[in-house]
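Here's the structure, in C-alpha cells; my notes come after.
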Amino acid sequence: MSERNEASWNTIISGCVGVGLYAEAFELFRKMLVQNIEPNIFVLSSLISACNKSASMVSQGIQIHGFVAKIGLLSDVFVSTALLHFYGTYGFMSNARRFFEEMPERNVVSWTSLMVGYSNNGDPEEAMKIYSRMRREGISCNQNSFATVISSCGSLEDELLGRQVLAHVVVSGLESNVSVANSLISMFGSFGDVENAKCVFYRMGERDIISWNSIISAYSQNGICEESLRIFQKMRRANVKPNSTTLSSLVSACSSVDNLKWGTGIHGLVVKLGLDSIVCICNTLVTLYSESGRFENSELLFLEMPERDLISWNSMLASYVQNGQCREALELLAELLRMSKIRSHVTFASAMAACSSPETLLEGKTVHALIIRAGFHENLLMGNSLITMYGKCGVMGAAERAFHTMAARDGVTWNALIGGFVENEEPREAMKAFKSMRENGLSANYITLVNILGSCSAPNDLLTYGMPIHASIVHTGFERDDYVKNSLLTMYAKCGDLASSNFIFAGFANKNAVSWNAMIAANAHHGSGEEALKLFVEMHRSGLGFDHFSFSGGLAASSNLAILEEGQQLHNLIIKLGFDSDLHVTNAAMDMYGKCGEMVDVLKILPEPSNRSRLSWNILISGFSRHGFFKEALETFHEMLQVGIKPDHVTFVSLLSACNHGGLIDEGLAYFSSMTSEFGVTPGIEHCVCIIDLLGRSGRLGEAEKFITEMPIPPNDLVWRSLLSACRNHNNLELGKKAAERLLELDPSDDAAYVLLSNVCAINGRWDDVETVRKKMKSNNIRKKPACSWVKVKNKVTSFGMGDRSHAQTEQIYMKLKDLMKMIKQAGYVPDTSFALHDTDEEQKEHNLWNHSEKIALAFGLINSVEGSTIRVFKNLRVCGDCHSVYKHVSEAVRRDIVLRDPYRFHHFSRGKCSCGDYW
DNA sequence: TTAGGGTTAG
C-alpha cells in the first residue's frame, strides 16, 4: 500500500490488538503519531483494552489516558468506558469511579465495567450497590452485567440476594444463556448448594468449557475433591479439552483437602499437557505445596516461574506467612513494591498477617500507610486485617480505632475484635464486644465462640464468663461442633474444673490432638502429674502424633512431679524431633529444669533476651527466686523492662516472693506500690499474701496485721496461714491464736492450722493449750499430713516417713545419723528443740528431732551415693528449721553439696551455707 | 461468565 489513510492505520492497529500483537500495535501507534495522523476512538479504545492484558502495560495505559485528555476525547463514551475498565482492572477504583461519575453519557458497558472493577477488587458489596442504582435508573442488564452481578452474590455468600437476582434473570429471559448459566453454577457453588449447581449444569442445552470448569470448581470449593476429579474424567470422555482453568481448579481442589498425593498426580498431568509454564497453574501449585507442608517446593516453584503475575506474588507472600517466615514475607513485599505498581487488597492482607507480633508494629504501621495511599482503606478485608494485626501487635487502641472507622462490618470484623481482646487479656472488653455484636444483629459462629471461650482461663472466670457462655452455646446448638467442644473442654481445664473437662472428654467421639493436649495440660497444671503422663502415653497409643502442645504438657507434668530424669528424656526427644525451636516448648523445658532444681540447665537453654516472651521472663524470675538467687531475680525483672516486655500479675508474684525470701523488705514494698502506679497491674490476693509474708517473716507483725485490715480484698486462708506461720517464727502467741481462729473459720479441716497453732503454744510452754488443740483436732477427725522425704540414688527413689525403720539398711542409716550428729556437734551444732512438739525432756525432744524424715533420707543418700556427688532430697512438707541447720553443718562436715526441695522452694547447701541465707 | 492470592478460629 503506497498511500495509507487514517482508516487503514486504525484498521491495522485494531487488527494487531485483536490477535494479541500488542507490542506491534503500540509501535504502529507511535509511528502514526509521529506522522501526525489522528487516531479515532476505536483505535484508542482497543489500545486501552490491550493494556488490560498484562501488568507490564499499565504505564502505557496511563500515557494513553494523558493523550486522550490532551486531545479532548475524555467525554467520549467508548474511550472513557475503556479507561474506566482499565483502571478497574488494576485496582485503581477511585479513578474508575471518577470516570464513571463524570461521564456525560453512559452505556450498559460502562455500568458493567464499574461493577466488574468492584467485584474483582474485593468489593462485591459496592458492585451490588451499582446494580441497584442501575435498576433504579431503569437500565436493563445484558448477559455480561448479569454474570457479574450473579458472581458478586456468590462472593457475598448472600443466598437471599442471589435468589432475587435469579428472579430478575428469569424475567429478562436470559437464564438459558450460557454465560449466565455458568455464573449461576459458580454462584450456587459459593453458597455451598452443590445440588442446585448440578441442576443448572445438567439442564443446560449447550455447554462450553467454562460450564465444565464451573461445575468442577463448585465441587472443589466444597471440599468434594473426588467428585471434581470424576467430572474431570467425564469431561475428557466427552472430548472436551481441559484448559489451564480446569487444571487450576483441580490443583486447588487437592490443596483444599490437603491431598498432596492427588495434587502431585495432577502436577504430573500438567507437565504432560505442557501447561507447566502457565502462570495461573503455577500459582495454584505454589499454594498446594505451601499448604501441604512442602514449603521448599513452593518457594522453588515461585523462583523458577518463567513469568509471574500479581497472584504469584500474593501466593508466595501467603506461603511465607504460613511457614512463619514473616521477615522474608516483608522482604518479598518490599521487592514487589520496588518492581511494580501493581498490588491488591490481598497483597496487603498477607503483608499485615506478616506483622503479627509487637516487634513488627512499626512495619505494620507502614503497611497501614501504604493501604491508605493505595486507596484500599475502606475495603472490608483491609479493615478486618488491620484489627487483627493491631490486636496481635498488642495495641488494642489502634485495633478499636480501625474498627470504629470502618464503613461496613461483618462477622469476621467482630470476631477479630473479640479475638484481639482475648489475646490481650481483656476479658471484660471481649465480653462487651461479644454482647454488642449480637445487639448489632450479627449472630455468633463457631469462631466467635472459640474466641470468647478463650477469655475464660482462671477459676474465678468460670461463673462470670465461662458458664454463661456455655449456656448460650447449648442454647444455640453449637455444643455439637467439634471445635466448640474442644474449646469448652480447654476452658474448663484452664479454670481447673477437671470434672467438667473430663466429662466432655469422655463423651467426645472425635478426640483429636487438641482434646488430648488440653487434658494433658489440665492435669499437669491442676490435677496430677501422674494422670497427665498417663494421658501423654495414651495419646501416643491412640495413634496421634505429638505436637508442640503435647510436649509442653508432658514437660509441665514432669515439672509438677519434679522428675528430672523423665523430664530430661522428654527434652532429648524434643531436641531430636526439632521441637526445641518452639518458644512454648522451650519455656516449658526451662520451667521443668527450674522446678527440678537445675538452674544451670535453665540458663543453658534460655533464649536470647530479644526472643524471650513474657512467659520466658516470668519462668526465669521465678526460677531464680525459688533457688535463692534473689539479686538475679530482681536484675532479670529490670532486664525484662529494658527490652520492653510488660510485666503481668505473675511477674509480680515471683518478684515479690523473691523480695520476701531474700529479706528485701523495702524493695518488696516499693515494687508492690509501683505495680499499680507504674504498670497498671491490679494487686490480687496472691500479691497481698506476699506482702503479709514479707512483713511477717521480718518480724513486723503489727504492720502485717494492719495491712490485712486495710487491704482492698477480703483475706483468705493463705493470708491467715502466712500470718500464723510468722507468729510461730517470731513467737507471738496472741496474734497467732487470732490468726488460727480466722484460718479455721475459713477452713476447719486445715491440718496446718492446728499444727502451727500447737507449735506457737509449745514454744511458749503452753502445754495445756497444745493438748486442747490436739483434742480439737482429734474430735474434728483431722490428722496431720504425714511428713515424707525421698531421695533418688542411682536412679532409684527411696522414701522415708518419720522415724522410719522399715528399710533393709536401717541399722546403717541410724549409725550414720549418730556419726553425723557427733561430727556436727563438734562443729558447733546446737539442736533447736523448739521444733519438737511434745512436752518431754530435752533429750527426748532431741531424739524426736533426729527421727525427721529429711534427716533419715539424707543419711541414706550419704551411705549409698557416689563420693562427691550432689545429694538430692525432696520433702512433701516445709523443711523443719532444725533439719535445715543440720543440712548446713553436714554439707560442711562431709564436703558434699545437698539440694533439698520442699513444696515451695529449693535449698542449695554447700560448705555450711544455704542459698536461702537462712531466711525462708 | 470459569481458575489461582486474603481476614476471624484451629
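To find a chain, count down the sequence lines: A is the first, B the second, and so on, and within it residues start at 1.
- Between the CG atom of L310(A) and the P atom of dG4(B) there is a distance of 15 Å, given to the nearest Å.
- Between Q322(A) and dG6(B), a side-chain N or O to OP1/OP2 separation shorter than 4.0 Å is absent.
- Checked against the 6.0 Å centroid threshold, F546(A) and F579(A) do not count as a close aromatic pair.
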#### Entry: Stepwise side chain to side chain donor-acceptor pair (under 3.5 Å) test for S217(A) and S249(A)
CA-CA 6 Å; S217(A) 147; S249(A) 297; 4.9 Å; no

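- Under the 4.5 Å side-chain criterion, counting only non-hydrogen atoms from C-beta, V109(A) is not in contact with H85(A).
- Distance CD1 (I209(A)) to C1' (dT2(B)): 9 Å, rounded to an integer number of Å.
- At the heavy-atom level, Y446(A) lies under 4.0 Å from base atoms of the strands shown.
- At the heavy-atom level, N445(A) lies nowhere under 4.0 Å from the strands shown.
- The residue from L386(A), N379(A), T413(A) that alone fulfils the side chain to side chain contact (heavy atoms under 4.5 Å, CB included) condition with M406(A) is T413(A).
- At dA3(B), one or more side-chain N or O atoms of S217(A) fall inside 4.0 Å of OP1 or OP2 (strictly under the cut-off).
- Counting to the nearest Å, the P atom of dA3(B) and the NE2 atom of H267(A) are 21 Å from each other.
- Atom-to-atom, CZ of F201(A) to P of dT1(B) comes out at 20 Å; the value is rounded to the nearest Å.
- Taking atom CG of residue D481(A) and atom P of nucleotide dA9(B), one finds them 15 Å apart after rounding to whole Å.
- Taking side-chain N and O atoms only, S151(A) has no distance below 4.0 Å to OP1 or OP2 of dT1(B).
- In terms of polar N and O atoms assigned as donor or acceptor, the side chain of N384(A) never comes within less than 3.5 Å of the base of dG6(B) in a complementary pairing.
- Atom P of nucleotide dA3(B) and atom CD1 of I185(A) are separated by 11 Å, given to the nearest angstrom.
- At whole-Å resolution of the value, CG in N120(A) and C1' in dT1(B) are 11 Å apart.
- Among the atoms of the strands shown, none is found under 4.0 Å from any heavy atom of T246(A).
- Two residues, T388(A) and S186(A), neighbour DNA chain B, and the one matched to the more 5' nucleotide by heavy-atom proximity is S186(A).
- Checked by distance alone, T347(A) brings no side-chain donor or acceptor within 3.5 Å of a matching partner on the base of dG6(B).
- Note: K365(A) NZ to M389(A) CE = 9.0 Å, rounded to the nearest 0.5 Å.
- Between the base of dA9(B) and the side chain of Y483(A) there is no donor-acceptor pair shorter than 3.5 Å.
- Residue S385(A) is classed as a sugar-phosphate contact, given heavy-atom separations below 4.0 Å to backbone atoms only.
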